[in-house]
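Have a look at the structure below, then the notes.
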Amino acid sequence: MKLPERTHNCGELSSNNLGLSVHLYGWVHHRRPHGGLFFLDLRDRYGTIQIVFRPENKQLYKQAEALGSEDVIYIKGTVVQRPPEALNPNMATGEIEVFAVDMILLNPSKVPPFLIEDDVKASEELRLEWRFLDLRRPEMQKALILRHKITQSAREFLNKKGFLEIETPILMKSTPEGARDYLVPSRKHKGRFYALPQSPQTYKQLLMVSGFDRYYQIARCFRDEDLRADRQPEFTQIDIEMSFVDPEQVMAIGENLLAHIFLKTRGLLLKTPFPKVDYTEAMARYGSDRPDLRIPLEIQDLGDILKNCEFRIFKQCLSDAGIIRGIKIPGGASLSRGDIDKLTAEIADFKAKGLLFLKFQEGELNSSFLKFLTPQEIQGIINLFTPGEGDLILIVADQSAIVSNSLGFLRTHLAEKFNLYNDQEFYPLWVVNFPMFELDPESGRLTAAHHPFTKPFEEDVHLLNSDPLKVKAEAYDLVLNGNEIAGGSIRSHQVEVQQKVFEAIKINPEEAQNKFGFLLKALQYGAPPHGGIAFGFDRLVMLLAGQNSIRNVIPFPKTTTALSLMDGAPTAVSAEQLAELGLKLCTPEDIHEPEK
RNA sequence: GGGGUCGUAGUUCAGUAUUUGGUUAGAACGCCGGCCUGUCAAGCCGGAGGGCGCGAGUUCGAGUCUCGUCGGCCCCGCCA
């Protein structure tokens with residue numbers, strides 16, 4: 001069948017096109033039969049338009065009445081003005097309709113498992129199983145269109161700044177530092193494996209050594225770790241690397257890129273330069289290395305006020321090198337004892353032993369432990385927090401990390417619960433001066449806080465052996481509304497420094513040579529000073545789309561158990577496939593097919 | 001690896017808690033049939049459709065109790 005050429009889409013016709021004969025294609029959205037008149041909303045990715053069938057053309061009318069939801073049809077018709085009483089101001093094409101003169105049913109649809117509508121009632125599970133239908137929903141189409149626009153505006157910005165878009169391998173060498181690798185068996189070299197990149201980190205550094213100076217890539221990355229609302233096993237980064245730069249220059253590119261994207265895709269103006277906050281300060285004031293600055297609450301330190309306090313909990317905490325901090329929750333005094341017990345249970349997740357609270361009600365401070373404090377100490381607390389009527393002060397006394405995590409959680413959790421901020425705003429900031437290393441509390445091992453290629457501050461290099469936890473790194477994170485949306489660093493371009501870092505995290509020279517020999521070699525052949533940044537693209541799209549999960553801006557995402565409900569991946573493979581790869585499963589009884 | 005929560009018609013949910021387990025499991029939307037010439041979540045009338053994720057167990061009797069298991073979502077760990 002030869003299809004008549006589509007003259008218009010379903011979203012572009014208006015009263016400027018009255019009288020026009022049009023050829024339309026689309027999906028049957030809603031149907032409203034009236035016995036004499038039949039209305040049909042035709043939908044495509046551009047919009048919806050009302051088609052009218054009149055009973056005079058009996059055959060066409062009968063054909064139209066037989067249509068079902070989501071059938072794909074062709075309509076030939078004339079654009080006509082709607083009667084004044086039948087205008088629909090809620091519809092972009094609501095002033096007109098198309099009077100049908102011909103129709104072809106191109107492909108009927110089975111009754112869909114759920115209705116294609118924005119206010120979707122189907123569960124996410126069902127939506128994922130029927131993703132190709134879910135993606136027909138205007139909301140999902142908008143999200144993917146926005147995603148496209150963000151990609152294009154990023155390319156536009158970076159191209160203009162002289163960056164080259166260069167692809168790097170998807171099949172690469174496994175370097176099991178950091179996240180767990182996805183492995184790909186090699187057929188030609190049985191018993192050996194490629195890995196999918198956790199990020200193109202080493203490749204982009206090598207491109208700098210090759211002299212490409214300014215590189216970017218919209219890069220797919222793979223990490224075999226547990227999933228969350230903002231974490232998928234495969235995700236996309238806008239990956240950037242530059243030569244001959246310091247952190248300031250990379251951050252300038254990063255924030256100008258973000259501002260460009262915001263302006264081009266949402267028409268929003270972000271004020272640059274973004275504020276910079278020290279890692280230590282962010283942890284102290286907001287209890288997080290990715291603070292949500294929409295929330296106007298800050299954590300206060302009580303160490304000074306309580307340094308001589310006789311109250312056992314405080315005294316013990318300080319003598320164990322712990323810290324005491326608190327946060328004021330305006331209006332929080334309405335929380336019941338039970339509510340606060342629940343909060344205490346929640347921060348037990350962070351190993352907090354307890355949660356102390358004071359309520360300011362009827363002009364005075366009430367708390368179970370005030371009797372253990374001196375009048376000066378109580379006055380100190382009042383001066384520090386200046387509580388108003390109905391406010392609540394929450395205090396955690398514990399080891400530093402526990403206090404920060406707990407109060408950071410309470411800050412965001414309660415700000416949301418009490419509606420203490422405008423969630424429509426965007427507050428970007430840089431978190432800088434990260435520590436180079438952190439201690440893994442389980443193994444007691446030192447690991448790179450960012451990654452081992454990050455350059456330590458030159459003045460700290462001498463501490464790499466003696467006191468590595470004091471070493472700061474030339475790393476920076478870009479944080480937006482409590483989400484880490486980009487992170488980067490200046491890299492070690494001198495092989496000696498790089499080797500010292502490997503030593504500090506207990507990768508001996510031989511091991512370093514095995515794993516990263518190619519990079520160490522490259523550093524010795526005229527590697528320019530370089531650094532870069534990578535944006536978590538899915539999170540960025542999520543924020544700009546006003547979504548709360550990256551699954552809603554990824555066309556075919558996995559569930560939190562890393563299953564693809566639509567196609568059932570991962571699945572078992574045949575014995576032949578395994579044999580060809582030289583693989584043998586050792587526990588076949590443990591292998592399950594997903595239930596259908 | 002751990003914690004929480006959910007799983008009942010095609011879909012979304014009610015029913016599960018000491019009114020302490022009890023005869024044919026309900027509603028709405030969708031679907032099917034009929035009526036209806038201006039609706040746009042069209043309307044009106046009628047109908048079909050599930051045995052309660054799966055598997056054991058307790059009991060005269062289980063959607064309701066117990067154990068296990070699978071799956072969705074949120075969180076901790078993990079994510080250099």
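- B:C40 and B:U18: their P atoms are spaced 47 Å apart (whole Å).
- Nucleic acid contact class of A:Glu97 (heavy atoms, under 4.0 Å, all strands): base.
- A salt bridge links A:Arg539 with A:Asp230: the distance from a Lys NZ or Arg NE/NH1/NH2 to an Asp or Glu carboxylate oxygen falls below 4.0 Å.
- Figure legend. B:C35 is base-paired to B:G43; pairs are counted as Watson-Crick or G-U wobble with both atom distances under 3.5 Å.
- Shown here are the salt bridge (Lys or Arg N to Asp or Glu O under 4.0 Å) partners of A:Glu70, two or more places apart in sequence or in another chain: A:Arg43, A:Arg136.
- A:Asn88 contributes a side-chain N or O that forms a donor-acceptor pair with the base of B:C40 under 3.5 Å.
- Counting non-hydrogen atoms under 4.0 angstrom, A:Ile505 reaches nothing in the nucleic acid.
- The nearest whole Å value for the distance from the CG atom in A:Asp134 to the C1' atom in B:U11 is 14 Å.
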Where do A:Tyr279 and A:Phe434 land on the ring-ring contact (aromatic ring centres under 6.0 Å, His included) test, with the steps shown first?
CA-CA 5 Å; A:Tyr279 168 82; A:Phe434 279 84; 5.2 Å; yes

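- Between A:Phe409 and A:Phe350, the angle of the ring planes lies from 30° to 60°, which puts this pair in the tilted group.
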Can you build the contact string for nucleotides 30-36 of chain B? Use B for base contact, S for sugar-phosphate-only contact, and - for no protein heavy atom under 4.0 Å.
SS----B

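- Taking atom P on both B:A14 and B:C65, the two are 15 Å apart, rounded to the nearest angstrom.
- Between the A:Arg82 side chain and the A:Ile96 main chain, a donor and an acceptor come within less than 3.5 Å of each other.
- To the nearest angstrom, C1' of B:U39 lies 7 Å from CD of A:Gln50.
- Within the nucleic acid shown, A:Leu87 comes within 4.0 Å of at least one base atom, counting heavy atoms only.
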Going through the distances and angles, do A:Arg31 and A:Glu65 end up as a salt bridge (charged side-chain N to carboxylate O under 4.0 Å, His left out)?
CA-CA 9 Å; A:Arg31 289 156 298 149; A:Glu65 267 192 317; over 6 Å; no

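- For the pair A:Glu177 CD and B:A80 P, the interatomic distance rounds to 11 Å; values are reported in whole Å.
- With C1' as the reference atom, B:A48 and B:G33 are 10 Å apart, rounded to whole Å.
- Residues in residues 467-517 of chain A take part in these ring-ring contact (aromatic ring centres under 6.0 Å, His included) pairs, two or more places apart or across chains: A:Phe453-A:Phe516, A:Phe502-A:Phe516.
- Between B:C36 and B:G50, the distance separating the two P atoms is 32 Å to the nearest Å.
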When every nucleotide of nucleotides 72-79 of chain B is labelled 5' to 3' by its protein contacts under 4.0 Å (heavy atoms), B for base, S for sugar-phosphate only, - for none, what sequence of letters results?
SBSSBBBB

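- Side-chain atoms of A:Glu225 come within 3.5 Å of backbone atoms of A:Arg180 as a donor-acceptor pair (strictly under, hydrogens ignored).
- Base pairing of B:U5 is made with B:G72, judged by Watson-Crick or G-U wobble geometry with both donor-acceptor distances under 3.5 Å.
- With contacts defined as side-chain heavy-atom distances shorter than 4.5 Å, the pair A:Met140/A:Pro555 does not qualify.
- The partner of B:C67, taking Watson-Crick or G-U wobble pairs whose two distances both stay under 3.5 Å, is B:G55.
- With rounding to whole Å, A:Glu85 atom CD is found 7 Å from B:U39 atom P.
- Distance check on atom P: B:A28 versus B:G47 gives 12 Å, rounded to whole Å.
- Residue A:Met91 has its side chain nearest to B:C40 when only B:U11, B:U37, B:C40 are considered.
- Rounded to whole Å, the distance from CG on A:Leu40 to P on B:A42 is 11 Å.
- For the P atom pair drawn from B:C13 and B:C60, the interatomic distance equals 37 Å after rounding to whole Å.
- Judged by Watson-Crick or G-U wobble contacts below 3.5 Å, the nucleotide B:A62 has no partner.
- For A:Pro113, the side-chain contact (heavy atoms from CB on, under 4.5 Å) partners are A:Trp130, A:Leu133, not counting sequence neighbours.
- If A:His30 and A:Pro113 are placed on RNA chain B by their nearest nucleotide, the residue sitting closer to the 5' end is A:Pro113.
- Atom name P, nucleotides B:C6 and B:A17: the rounded distance is 14 Å, in whole Å.
- Taking atom NZ of residue A:Lys342 and atom P of nucleotide B:U5, one finds them 11 Å apart after rounding to whole Å.
- At the phosphate of B:U39, neither OP1 nor OP2 sits under 4.0 Å from any side-chain N or O atom of A:Arg32.
- Protein atom CG of A:Leu126 is 14 Å distant from nucleotide atom C1' of B:C29, rounded to whole Å.
- B:U66 and B:U58 are spaced 7 Å apart, taking the C1' atom of each and rounding to whole Å.
- Between A:Val52 and A:Phe114, the residue anchored nearer the 5' end of RNA chain B, judged by the nucleotide with its closest heavy atom, is A:Phe114.
- Applying the side-chain contact (heavy atoms from CB on, under 4.5 Å) rule to A:Asn508 yields the partners A:Glu510, A:Glu511; only residues at least two apart in sequence or on another chain are considered.
- Because its glycosidic torsion is more than 90° from 0, B:G72 is reported here as anti.
- Here B:C29 sits opposite B:G10 as a Watson-Crick or G-U wobble pair (both hydrogen-bonding atom distances under 3.5 Å).
- Within 4.0 Å of A:Ala86, counting heavy atoms only, lies at least one base atom of the nucleic acid.
- Computed from coordinates, the A:Glu117 CD to B:C40 C1' distance equals 14 Å when rounded to whole Å.
- Put simply, A:Phe39 rests on the base of B:U39: the two rings are less than 5.5 Å apart at their centres and nearly parallel, under 30°.
- Between A:Asp477 and A:Arg290 there is no salt bridge, since no side-chain nitrogen of the basic residue lies less than 4.0 Å from a carboxylate oxygen of the acidic one.
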